[in-house]
Amino acid sequence: GQEKTSSDPAAQTQQSYQWKMVTSWPKNFPGLGRAPETFSEYVEKMSGGRLTVKVYGAGELVPGFEVFDAVSQGTVQMGHSGAYYWKGKAAAAQIFTTIPFGMNAQETNAWLHYGGGMELWREVYKPFGLIPFAGGNTGVQMAGWFKKEINSIEDIQGLKMRIPGLGGEVFKKLGGIPVALTGGELFTSLQSGAIDATEWVGPYNDLAFGLYKAADYYYYSGWHEPGPVLEFIVNEDAFNALPKDLQAIVEVATRAVNQDMLDEYTARNNTAMQSLKDTHNVDMRALPADVMKALKLASTEVMQEQSALDATFKKVYESYSEFQNKVSQYHQISEHEYYKNRSVQN
Amino acid sequence: MNSSSLTTGLQHKIDLVHQSLCKLVSWFTLFMVLITFLIVVLRYGFNLGWIAMQESVMYLHATVFLLGAAHTLKVNEHVRVDIFYRQMSQKKKAWVDTLGTLLLLMPVNCFILALSFDYVIKSWQILESSPQAGGLAFVFVLKTLILLFAVSMNLQGLAELIRNILIIKHSQKIDEADKGEV
Amino acid sequence: MEYISLLMFVVVCAVLLLGFPVAYSLAGTALIFAGVGVMTGGFESAYLHALPSRLYGIVTNQTLIAVPLFVFMGVVLEKSKVAENLLNAMTQLFGQYRGGLAISVILVGALLAASTGIVGATVVTMGLLSLPTMLKQGYAPSFATGSICATGTLGQIIPPSIALVLLGDVLSSAYQKAQLNMGIFSPESVSVGDLFVGAIVPGMILVSLYLLYVVMVTWFQPHKVPKVAPQASNVSIPQLLNALLPPLVLIFLVLGAILGGFATPTEAAGVGATGALVLALIQKQLSLTKLKEVMLNTTKVTSMVFLILIGASIFSLVFRGYGGEELIEQLFNSLPGGVFTAVLLVMVVIFVLGFILDFIEITFVVVPLVAPVLLAMGIDPIWLGIMIAVNLQTSFLTPPFGFALFYLRGVAPKSVKTTDIYKGVLPFIAIQIMLLIAMAKWPNLVTWLPENLYG
Ligand code: NA
Ligand code: NA
C-alpha cells in the first residue's frame, strides 16, 4: 500500500504520481497557455517520469473561472491561472497579480521572492488549502485598442471599454464605462462599436487575436497591468503527499516557468510590435500625460478605498507599496537612468 | 386517513408549492428583459453603466431556470424523445416515468446535492462575492441555487413517483375488472 | 477504456428512445456508467468532482442569457396575435391571385420565424392559422402542409435565432480549441453576431427558393392551387402596414442594434423582447393575464433548455473521463479522403441524429465533440455553423421522425393524412439539400457577408 511505502525512503522514490492541472486558458493559448505545458514537460523530465501532470484547457474539465475551487476541493492537484480572478474569495488576491501603477515584472518578482510577498500570498491562500507559486509574467502590457483618439480626460468620459479588475474601477472614476464581456463577444462588439475600446495583453497576443482589424489606435502603456504575475496553485494535501525531491522539482519548475514566460513575451512582443506597425499600419500612441496623471491619482484613491474595506488587502498593499517605493528609488538611478542613457543617439 | 390519501396529499402539496414558486420566478423573466433594455439605454443614451447591473440579469436568469424546473417537470414540458413514448398506453408511460424517476432523475439530483454541498458551504464561509470589480457580492446565494434546484427536483420527482404509481395501480384494477367481465 | 465511451453513446440513444425527459436520460445514463466504472476501477472518481464547477459555469454563462430573452420575445409575438394579423392582411392582399395564399403563408412564416426563432411555435401557429383556410380554399393538403412545415422551420436559420445563439456559443469555444490544436496561434473568435450575419444570405435564398417553388407549382400543377376569394381584395394600405410593420420593426431592432454597435448580441435580445412588449401594448394585446402567460411560458422553455444543458454537461464529463474525445479524434484522423469526407460524415450523422434529438441536444452533445476536429482541418467556423443549422432544419422536416412533422400533425385536422404531410415536405427537403450543396460548393454564400460587412 501507499501508506507503507511513504515511510520507506527507498521505496518512496519508486512510487509515481499522476497529477491533473486545470487552467484558465485554452490549451496552448499563446504565452499564458504555454506555461502549464512547459511546466508539465519540465516536471516529467526532471522526475524521470515519476511525476506526470496532465493539462486541461479552460472548460475541458472545469470552466476557466473555477480553477481555484477545483484545486482547493482536491478535484485536481493543481491549476494555472491569475490571482486577480479570485477577488471574490479574498480581496487581497488581486495584489499578487498586479495593481494599477504598481511594480513591473522584475520588481514584483523581487517583492515576491525576497521582499515578503510570497509569505503573504501563502498566508492568504492557506485557508483554502492551496499553495501558490508565481507562474509567469507578461511584462508591461499595453493600455489597449481604441476606436477613438484619446487627447484629453474628456475623451475618457462616457467611453465604453472592456477593462476588468482594479483598472476598471480606476477607469470608472474618470467617467469611463467599464463593460463586462465574454471572449466570444469581445471582437464583434469592438468591431461594431458596441464598445469603444478594450484592453487585452500586449502586441504578441493582440496581433494573434486580430484586434487591429477592429480598432485603429493602439495606446500605451499598460498603466493598469504593469507586470501581471500568473500563478500555479497546488493543493496542499497533494503537495504534502509528494516526497521531498518531487516537491523540490515542482517548486523549481514553477520558478523556471515564471522566468520563461517573461522571456517569451519579451521576445515575441517586440517582433509582433514591428508587424503591427509595418504590416498592419497600426497607429501606436502614448496616452496623453494629463490623462496618465488623472489615472494615477484615481488609482491611489481606489487603492485607499479598497484598503479601507478589507484588512488583509490593506496589509498586503502596505507591504507591496513600501517595497515599490524603495525599489523605484533604486531603479530611478539604475534601470531608468540606464534606459535613458542607452537611447542617447551618438 | 389511509396511506394512499396521505401520499396523494403530499403529491398535491409539492405540486402546489412548485407551481407558486414557478409563477413567482416567472416575473424575473420580465425583469431580465427590462433591465437588459435599461442597460442598453443607459449606456448608449446616457453614458452610464454598472457591472452590478449586468450581473443582476445573470442572477435573475439563474433563479428562473433553476427554480422553475420543478414545475416544468410537473406540467411535462421537459423535452422527451417521444417517437415511441407518445404511442404508449397510459400505463406504459407511467412505467417509463416511474423507472426513469427512480433510476435517472433521483440519483442525478442526489448526486448533484452530495457533490455540490461542500462547494456551496465553502462559498458561504467566505461570503464569496463577484470576481468582477464593481460586481454583486452574492455569489454564495447564486451557488446555493444549485442545491435548491437539486432538492426541489427530487421533491417533484417524489410527486411524479406517487402520481405514476397510482396510475399503474389504477390501470391494474381496470385490467382486472376487464378480465372479470370476460 | 475508450470503447466504453462508445458503448455509453449507444446506450444513451437507447435510453432516450424510451421517452423519459432528455436531460435526465443523458445525465442519469452517464452517472450509471461512471458509478460502475468507479466500482470496477475503470473510472477515476475525481472527474465527477468537477461537477459543481461545471454547473456553476452554466449558471454564469453570459452568452446563454440571450436564450430566455429571445424566448420571451417569441412568446409575446405569439400571444399578441402579431402573426394572425399579418396573415389576415397578407391573405387579403394576395388572395385574388392564384397561389396568393401560399405565398402569403411563406412570407408571413418567414417574418414570424425571423422574429421568434422557435420552430415549434412557428409551425403550430402557422398550422392553426393558415391550414384550415388553405384547405377550405381548395389547396391540395400535401401542398398546404408542406409549405407550412417548411416555413415553420425557417426560424432555425433566419436570424435572430436561438439555434444560432446556442451554436455560436459552442462553436466559439470549439474554434479556439481547434486553432490552438492546429499549432497556428491565431485565436480569432467567432461570435453569435457572426453567425447571424452569415445566416442572412442563405436564409434569403431559402425563402426565395420556397417562393419560386410555389410559383412553379401554380404554373405546372394548377389543380393543387385554386384561384380564389374575389371578396378578399379590399385590404387598405394602413391595415397592411399595421400588420406588416411589427415583425419588421423587431427584426430591424435586433439586427440593427447588433450591427449598428448599440448592443452586444445578448443585449439585442433584450431590446427585441422590450420591442415586442411595446408593440403588444400599442396593439392593445397585452393584458396582465397574457403577460403572466408569457412569463410562465418563458420560464418553462428556459428551464427545459438549461436542464438539457446540465444533462449534456454531465454526459460529456463522463464521456471525457472514459477517453471519448480521443476516440472521436482517432476516428476522424483515420478517415480517408480528408476534409470533404469528414464534413459529409458529420453532416450525415447530425442529420440522422436530428430525427431523435432536439437541436439543443445536438448542439450541446454532438457539436462540441465533432466541431473542434473539423475546424482544426481549416474549415471556416461561420460556414460550419450555418451548414449545421440548415442541415438540422432539413432533418426536422424529414419523414418519418422530423420534429416539425410531429408539431404540424398535432394541430392538423384529422382529414389531412399523415402521408399527405410526408409527400408535401419532400420538395422542400429537396430545396434544402440543394442549398446545402450550393453552400458546400460556394462557401462564399455564407462567408461573404460577414467578411465584408464590417469592412
Ligand atoms: Na490585460
Ligand atoms: Na429566427
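Lettering of chains follows the sequences in order, A, B, ..., and the numbering in each one begins at 1. Not measured: the values here are computed from a predicted model.
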Checklist line | More than 12 heavy atoms from other groups under 6.0 Å of NZ on K92(B) | finding: no
Margin query: Which heavy atom of G193(A) sits nearest to which heavy atom of Y44(B), and what is that distance?
Written below: O-CE2, 4.4 Å
Next item on the list: Calculate, to the nearest 0.5 Å, the distance between atoms CD1 and CG belonging to I177(A) and L48(B) respectively.
Entry: 6.5 Å
Next item on the list: Name the region of Y119(B), side chain, backbone, both or neither, that has any atom closer than 4.5 Å to a heavy atom of chain A.
Entry: both
Check: Using non-hydrogen atoms only, which part of Q54(B) is less than 4.5 Å away from chain A: side chain, backbone, both, or neither?
Finding: side chain
Notebook entry, point to check: Does a sphere of radius 6.0 Å around NZ in K173(A) hold more than 12 heavy atoms from other residues, nucleotides or ligands, not counting ones at 6.0 Å or beyond?
Noted result: yes
Notebook entry, point to check: chain A heavy atoms under 4.5 Å from I39(B): which part of the residue, side chain, backbone, both or neither?
Noted result: neither
Check: With a 4.5 angstrom heavy-atom cut-off, which part of F65(A) approaches chain B: side chain, backbone, both or neither?
Finding: neither
Margin query: Around atom CZ of F138(B), are there more than 12 heavy atoms from other residues, nucleotides or ligands closer than 6.0 Å?
Written below: no
Next item on the list: May I ask you to test the K160(A)-N47(B) pair for a side-chain heavy-atom distance under 4.5 Å?
Entry: yes
Item checked: K89(A), part contacting chain B, at a heavy-atom distance under 4.5 Å -> both
Notebook entry, point to check: Contact part of A93(A) toward chain B, heavy-atom cut-off under 4.5 Å: side chain, backbone, both or neither?
Noted result: neither
Notebook entry, point to check: Are any of the side-chain heavy atoms of W50(B) and K172(A) separated by less than 4.5 Å?
Noted result: yes
Checklist line | Side chain proximity check, V179(A) to R43(B), heavy atoms < 4.5 angstrom | finding: yes
Item checked: Heavy-atom side-chain contact between K143(B) and D69(A) under 4.5 Å -> yes
Checklist line | Side-chain heavy-atom pair Q132(B), K87(A) within 4.5 angstrom cut-off | finding: no
Note to self: Is it the case that atom CZ in F37(B) sees more than 12 heavy atoms from other parts of the structure closer than 6.0 Å?
What the structure shows: no
Next item on the list: Step through the shown structure and confirm whether more than 12 heavy atoms of other residues, nucleotides or ligands are within 6.0 Å of NZ on K91(B).
Entry: yes
